[in-house]
Amino acid sequence: MVLASMEESIELLVGCYEQVLFGYRVHREGEQWLSSADFTHHAHTASLSVVAASNRFVATGSRDETIQIYDMKKKVEHGALQHHNGTITCLEFYGNTHLLSGAEDGLICVWNTKKWECRQTFKAHKGQVLSLSIHPSGKLALSVGTDKTLRTWNLVEGRAAFIKNIKKNAHIVQWSPSGDKYVVVIHDKVDVYQLETAAVVGTINNPKRISSVQFVTDALIAVAGDEEVIRLYDTASQKCICEFKAHENRVKNLHVFELEGAHIVVSSSSDGYVKMWKIDMEKVQTPPSLLCEVSTSARLTCLSAWLPIAVANKEKTNTTVAASTVKACDRPKKKKAQSEAAENKEASETQVVPLHKKRKLETKPTQKKKKPVK
């Protein structure tokens, strides 16, 4: 969960099969929300698979095996990261200091965003890494892959902390905003885990295969599947509180952030539309109100939002990782010299491709503003 202010406009970011990253500026004028096309950028040579944003940078991953970095404040390309072999499957920033990436090669890389060096590489899964999530404290990360395992990573010591065998391949894992619980998605089921016990405390059964999940709060989670509907579930009772038709075709991605105390859900669909919804937490059973929508006329694959005045809760949170979780999986520490040598080797094998002439993101020509939805 990320907090934002409307002092500056929000940038909705969507990638597509056509190898393009779109940026749409959204801002509020009084009670109305307006959206306009801001930029398009064609930096990859294959379809985009994932996009992530901090309050300075945007990172995109692709089937072309590269990660492209953009400086959103200067609106220029910042460079390309070349370390993975295979499609980049997941990207997540931790504040403004680190980026984690996962790919089909089974690796998870930890990038320092100051010099864009690969500080650590984990051989995470025997197969593809399908999803990863960083704990709000920044001390732990979770990952799932095609080897039917859920893995916990100690990011402080740079080592594996725990491996849990699961019956099937999970394709999504995500921490709650507080870090007290997490969810693991297998096909149409969402298993809710408690951090303290690392045990499943409940299971959400969705009617269709799940394409995206996002925590709205610790108690509320938004779920999208292979259909036009978005559902809001209570994580304690695992019951559906609200469902509403969001698009004319299946919903592919969800993104959630908090805006001046309001909980916002952004959705993208195979129908080419991106929509922004506001949840009334006092009337959560009522379908969210539609704030604005944009038509991309593209086959969308991934979604995120760039918030200029964003203050990541992760940087503010003093959440303490349960000592038992890490302590129970302690392993002998590697010698410092060996660890440093391995880290240096990993960094030297990584290619960071700077751009001698940083290209500006291609600004879209002025277009008529989309009609606001009141």
Side-chain angles (χ1 to χ4, degrees), residues 1-3 90 92-95 100 102 130-145 148-156 160-206 210-225 230-242 254-258 263-265 279 281 284 312-329:
M1 178 66 69
V2 176
L3 302 177
C90 38
E92 185 170 327
F93 280 96
Y94 178 71
L100 266 65
L130 296 179
S131 178
L132 63 83
S133 184
I134 307 171
H135 189 271
S137 68
K139 297 179 180 179
L140 291 177
L142 296 171
S143 68
V144 292
K148 300 180 182 179
T149 63
L150 165 65
R151 301 185 183 233
T152 306
W153 304 95
N154 185 326
L155 298 180
V156 177
F162 187 74
I163 300 174
K164 178 180 176 62
N165 292 311
I166 49 183
K167 295 180 180 180
K168 297 180 180 179
N169 287 329
H171 60 284
I172 301 174
V173 63
Q174 190 174 105
W175 288 103
S176 68
S178 71
D180 288 338
K181 64 183 68 170
Y182 54 93
V183 294
V184 176
V185 179
I186 302 175
H187 195 66
D188 58 354
K189 292 180 171 56
V190 183
D191 287 329
V192 183
Y193 287 76
Q194 200 69 35
L195 171 63
E196 190 173 354
T197 60
V200 176
V201 295
T203 299
I204 294 170
N205 293 289
N206 198 59
I210 295 166
S211 56
S212 183
V213 300
Q214 287 281 302
F215 275 98
V216 180
T217 66
D218 266 40
L220 189 67
I221 191 168
V223 177
I230 295 175
R231 293 181 175 84
L232 302 178
Y233 288 93
D234 183 294
T235 57
S237 66
Q238 295 89 49
K239 292 181 179 180
C240 180
I241 298 175
C242 173
L254 298 175
H255 184 76
V256 171
F257 58 90
E258 191 173 337
H263 294 276
I264 307 297
V265 176
I279 298 176
M281 297 304 293
V284 72
N313 277 355
K314 295 175 182 178
E315 295 180 303
K316 299 286 184 179
T317 303
N318 292 320
T319 306
T320 303
V321 179
S324 58
T325 304
V326 178
K327 187 176 180 180
C329 350

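Side chains are part of it too, since the values below use all heavy atoms of this structure and drop only hydrogens, waters and symmetry mates.
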### Query
What closest approach, in Å, do Ala141 and Leu155 show between heavy atoms, and which atom pair accounts for it?
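Scanning both residues completely, I find the closest heavy atoms to be CB-CD1, 3.9 Å.
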### Task
For residues Pro177 and Pro136, report the shortest heavy-atom separation together with the two atoms involved.
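In this case the closest contact between Pro177 and Pro136 is O-CG, 3.3 Å.
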#### Entry: Heavy-atom donor-acceptor pair, Ser176 side chain to Asp218 backbone, under 3.5 Å
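No, Ser176 side chain to Asp218 backbone: no donor-acceptor pair under 3.5 Å.
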### Task
Would you check if the side chain of Ser133 reaches a backbone N or O of Trp175 as a donor-acceptor pair within less than 3.5 Å?
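Checked: pair present.
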Approximate separation, where rounding is to 0.5 Å, of [X] [atom1] and [Y] [atom2]:
X      : Y      : atom1 : atom2 : value
Glu92  : Ser131 : CD    : OG    : 8.5 Å
Trp153 : Leu140 : CH2   : CG    : 12.0 Å
Ile134 : Ser143 : CD1   : OG    : 11.5 Å
Ile241 : Asp234 : CD1   : CG    : 4.5 Å
Leu142 : Lys164 : CG    : NZ    : 12.0 Å
Ile279 : Leu232 : CD1   : CG    : 5.0 Å

### Task
Go through the steps for Val265 and Gln214 under the test side-chain contact (heavy atoms from CB on, under 4.5 Å), then give the verdict.
CA-CA 9 Å; Val265 176; Gln214 287 281 302; over 6 Å; no
Would you check if [X] and [Y] make a side-chain contact, meaning some heavy-atom pair closer than 4.5 Å?
X      : Y      : result
Thr217 : Met281 : yes
Leu100 : Tyr94  : no
Val216 : Val284 : no

Using atom types as modelled, flag every donor-acceptor pair under 3.5 Å from a side chain in residues 182-195 to any protein atom, sequence neighbours excluded.
unit_1: Asp191; atom_1: OD1; unit_2: Thr203; atom_2: OG1; d: 2.8
unit_1: Gln194; atom_1: NE2; unit_2: Asp180; atom_2: O; d: 3.4

### Query
Among Val256, Val173, Leu254, Ile172, whose side-chain contact (heavy atoms from CB on, under 4.5 Å) with Val213 holds?
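It is Ile172; the other options fail the test.
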### Residue list, salt bridge (Lys or Arg N to Asp or Glu O under 4.0 Å) with Arg151, at least two apart or on another chain
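For Arg151 the salt bridge (Lys or Arg N to Asp or Glu O under 4.0 Å) partners, ignoring immediate neighbours, are Asp147.
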